[in-house]
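A quick write-up on the structure given underneath.
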There are 2 protein chains.
Amino acid sequence: MNIEGIKNIITEGGLKFTHQRMVIYQAIAEAENHPTAERVFEQVKSDNPSISLGTVYKTLDSFVTAGIIQKFVDNKGVMRFDGVLEAHSHLYCKKTNEISDYKNADLESLLKKFFDKNQIEDFEIDEISIVIKGQKL
Amino acid sequence: MNIEGIKNIITEGGLKFTHQRMVIYQAIAEAENHPTAERVFEQVKSDNPSISLGTVYKTLDSFVTAGIIQKFVDNKGVMRFDGVLEAHSHLYCKKTNEISDYKNADLESLLKKFFDKNQIEDFEIDEISIVIKGQKL
DNA sequence: TCTCTAATGAGAATGATTCTTAGGGGGAAA
DNA sequence: TTTCCCCCTAAGAATCATTCTCATTAGAGA
Ligand SMILES: [Mn+2]
Ligand SMILES: [Mn+2]
Ligand SMILES: [Zn+2]
Ligand SMILES: [Zn+2]
């Protein structure tokens, strides 16, 4: 994605455009692997050696609040950031510790149909996510 | 559960029976709410005022390794312990922060059937869990 | 350009969890 | 029963991810 595209996403999220936000968003958008804040920090330091880790945390949090990225907690308890906004599932590899995306529209609609029929009593569902643990072959 | 029952579970897990292990297992077995280690510690201190938090962590970890309890990480990144061993899903309430169990055999078999048909390429599934976020009504 | 406010950098503080170490207890063996 | 050994435990230090504080800076609009 080019600079203008990133700038638009950030400002349309209601955030002031800064150099730090620009490189941090870019790192998330380009990442394939649901990076941690620490990993984003390392990635971004080459372009911006004076950036601080606190800024990375705060910026990622602003992005989540603005709805332009997602976050979740991995099974070690560490925060992971995800530039993919659509609902999708995650594959956890026990061997490599990588987390990869699994998108399947059939699965989404299967679940939607199931929970439409089988309402959970006294509970209103906002979102459903599937965590699949296993290993790459 | 009575003391003999708990003692059997602990020793059949290959662990030496101690007073600390007994009260910690009892706390998990009686808990309805997927307690944190800290919460188990508070619970158990009344019976055993000299117990240490480190012992609670190590004991819970031994139980998990022995396969007599389960653990997972909640969406704040904190470890939760669960005396329920069968596969089941969890409901996260955004209002009360409670985590409750959702067991539905139809859902389990639906998912099993789906992933039997739709194998994920180059990935061998060990376990699937569903996280449902929403709120109690 | 000037001003105002929100963003940033640096580092301290916090919270959950793990590690280290010294002492204690219980069972096997003599 | 006594000894020996190993494992368990208590206490607190250390670690790691994350949040907070506060002084300084830099966008964006006037
Ligand atoms: Mn954590
Ligand atoms: Mn933590
Ligand atoms: Zn993803
Ligand atoms: Zn449960």
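Within every chain, numbering begins at 1; the chains are lettered A, B, ... in the order of the sequence lines, protein sequences first and strands thereafter.
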In whole angstroms, how far is the [atom2] atom of [N] from the [atom1] atom of [X]?
X: B/Lys71; N: C/dA16; atom1: NZ; atom2: C1'; answer: 12 Å
X: A/Arg39; N: D/dT18; atom1: CZ; atom2: C1'; answer: 19 Å
X: B/Asp61; N: C/dA16; atom1: CG; atom2: C1'; answer: 14 Å
X: B/Met22; N: C/dG25; atom1: CE; atom2: P; answer: 19 Å
X: A/Lys45; N: C/dA10; atom1: NZ; atom2: P; answer: 11 Å
X: A/Ile24; N: C/dG9; atom1: CD1; atom2: C1'; answer: 12 Å
X: B/Lys76; N: C/dT17; atom1: NZ; atom2: P; answer: 13 Å
X: A/Leu60; N: D/dA17; atom1: CG; atom2: P; answer: 15 Å

Just checking, B/Lys7 and B/Phe17: is the charged tip under 6.0 Å from the six-membered ring centre and within 45° of the axis?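 Yes - B/Lys7 lies over the ring of B/Phe17, closer than 6.0 Å to its centre and within 45° of its axis.
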Nearest heavy atoms of B/Phe115 and B/Ile125, plus distance in Å: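 Shortest heavy-atom contact: CD2-CD1, 3.7 Å.
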Testing the 3.5 Å rule here: is there a donor-acceptor pair between the side chains of [X] and [Y]?
X: B/Thr96; Y: B/Glu98; answer: yes
X: A/Asp82; Y: A/His88; answer: yes
X: B/His34; Y: B/Asp74; answer: no

Taking protein heavy atoms under 4.0 Å as touching, what does nucleotides 2-9 of chain D look like 5' to 3' if B marks base contact, S marks sugar-phosphate-only contact and - marks none? ------SB
Just to confirm, is there a sub-4.0 Å distance from OP1 or OP2 of D/dT18 to any side-chain nitrogen or oxygen of A/Tyr57?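 Looking at the OP1 and OP2 atoms of D/dT18, one of them is under 4.0 Å from a side-chain N or O of A/Tyr57.
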Should the heavy atoms of other residues, nucleotides or ligands under 6.0 Å from CG of B/Leu85 be counted, would the total exceed 12?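 Enclosed.
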